[in-house]
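What follows is a single structure, written as structure tokens, with notes after it.
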Amino acid sequence: MRKPVIAGNWKMYKTIAEAVDFVEKIRPVADKASHCEAIVAPPFTALRAAAEAARGSALRVAAQNCHWDKEGAHTGDVATVMLRDAGCTHVIIGHSERRHDCGETDEQVNKKVKAALAAGLTPIVCVGETLEEREKGETEKVLECQFMRGLAGLTPADFSRIMIAYEPVWAIGTGRTATPEMAAQAHGFLRRLARQQFGASEPDGVRILYGGSVKPDNIGGLMAQEEIDGALVGGASLKVDSFTALINYLRG
Ligand code: PGA
């Protein structure tokens with residue numbers, strides 16, 4: 001019922017030429033992969049070129065951040081309408097690197113989610129606990145807080161248009177993946193929260209992706225979990241071979 005999503009978050013990697021080359025190689029893979037949706041999230045400078053290179057294929061292009069205002073005096077920021085203009089269909093919001101590097105708050109995440117929805121973009125909203133929070137037994141408390149504040153004021157119809165990415169901070173770029181069972185437990189918790197907050201039907205359709213050191217050799221185990229609807233992948237999304245293997249994952 002929920003079509004899996006394999007999304008590559010390129011972070012601060014790839015020039016325009018490298019992005020175009022990657023998209024040209026991966027678009028036939030995305031077109032053949034009827035079992036899942038494939039998305040790449042290049043840096044701002046390469047969005048337009050990547051979207052042009054992906055045009056006419058099933059591959060979608062996401063931005064890695066946005067501002068909530070339509071325009072204004074915000075040096076260095078990019079508005080959601082500009083992302084649409086560049087050819088994006090999705091935008092990652094509240095990634096832990098933005099929360100930690102740039103002090104992004106749940107309140108800002110909330111404004112960005114609303115702005116993205118208003119511009120017709122699909123927000124991929126990231127939540128996740130730090131190692132310290134997990135060790136203190138606070139994982140669910142942290143997830144609940146990020147979920148409730150980050151998605152405050154959304155209607156059930158709005159909620160049905162977003163994706164959530166559960167990304168435990170301790171698993172990002174560390175080679176330390178949550179076990180499929182740990183990830184599924186957090187996903188189950190998020191979906192129960194969603195049902196409480198947004199009613200019975202919409203939350204059943206919302207895709208919850210897992211992120212944090214997903215690689216071709218561990219994606220099968222993660223995707224075997226019913227609660228896991230896809231992956232948001234950093235490091236392993238940068239090479240055509242490994243991203244191809246991720247898109248063509250086999251459950252098991
Ligand atoms: P990683 O990054 O796959 O390199 O751990 C995931 C992410 O930050 O989305």
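Atoms within each ligand, like the ligands themselves, are counted from 1 in listed order. Keep in mind that what you see is a predicted model, and the values were worked out from it rather than measured. Values reported hereafter were calculated over all heavy atoms of this structure, with side chains retained and with hydrogens, waters and symmetry mates removed. The chain is numbered in sequence order, starting from 1.
Using bins of under 30°, 30° to 60° and over 60° for the plane-to-plane angle, the ring pair Trp68/His74 lands in the tilted bin. Taking the six-membered ring for Trp and thresholds of 30 and 60 degrees, Tyr166 and His187 have ring planes more than 60 degrees apart, a perpendicular arrangement.
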Worksheet item: Given Glu37 and Arg60, is the salt bridge (charged side-chain N to carboxylate O under 4.0 Å, His left out) satisfied, shown in steps?
Response: CA-CA 8 Å; Glu37 288 172 23; Arg60 296 286 173 262; over 6 Å; no

Worksheet entry | Test side-chain contact (heavy atoms from CB on, under 4.5 Å) applied to Ile6 and Phe243, step by step | CA-CA 9 Å; Ile6 306 297; Phe243 197 53; 3.9 Å; yes

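At a heavy-atom cutoff of 4.0 Å, ligand 1 is contacted by both the backbone and the side chain of Ile172. The proximity of Ala171 to ligand 1, defined as any non-hydrogen pair under 4.0 Å, is limited to the backbone.
Side-chain N or O atoms of Glu18 include one that pairs as donor or acceptor with a backbone N or O of Thr15 at under 3.5 Å. Judged by distance alone, the side chain of Lys112 and the main-chain N or O of Cys66 form a donor-acceptor pair under 3.5 Å.
Residue-ligand proximity, Asn9 to ligand 1, at heavy-atom distances under 4.0 Å covers atoms 9 (O). Per-residue contacts place Gly212 under 4.0 angstrom from the following atoms of ligand 1 (heavy atoms of the residue considered): 5 (O). Within the listing of ligand 1, atoms 7 (C), 8 (O), 9 (O) sit less than 4.0 angstrom from a heavy atom of His95.
A side-chain donor from one of Trp170 and Glu129 sits under 3.5 Å from a side-chain acceptor of the other. Thr155 and Asp158 share a side-chain donor-acceptor pair at under 3.5 Å.
In terms of heavy atoms, Ala79 sits closest to Lys70 at CB-O, 3.3 Å.
In terms of protein heavy-atom proximity, atom 6 (C) of ligand 1 is closest to Gly234 N, 3.4 Å. In this structure, the protein non-hydrogen atom closest to atom 9 (O) of ligand 1 is Glu167 OE2, 2.6 Å. Remark: minimum distance from atom 4 (O) of ligand 1 to any protein heavy atom is reached at Gly235 N, 2.9 Å.
Considering both main-chain and side-chain atoms, Ser213 comes within under 3.5 Å of ligand 1 through a nitrogen or oxygen pair. Considering backbone and side-chain atoms alike, Lys11 places an N or O below 3.5 Å from some N or O of ligand 1.
Judged by the shortest distance from any of its heavy atoms, Gly173 lies inside the 4.0 Å radius around the atoms of ligand 1. A heavy-atom separation below 4.0 Å is not found between Ala236 and ligand 1. Between Lys215 and ligand 1 there is no heavy-atom distance shorter than 4.0 Å.
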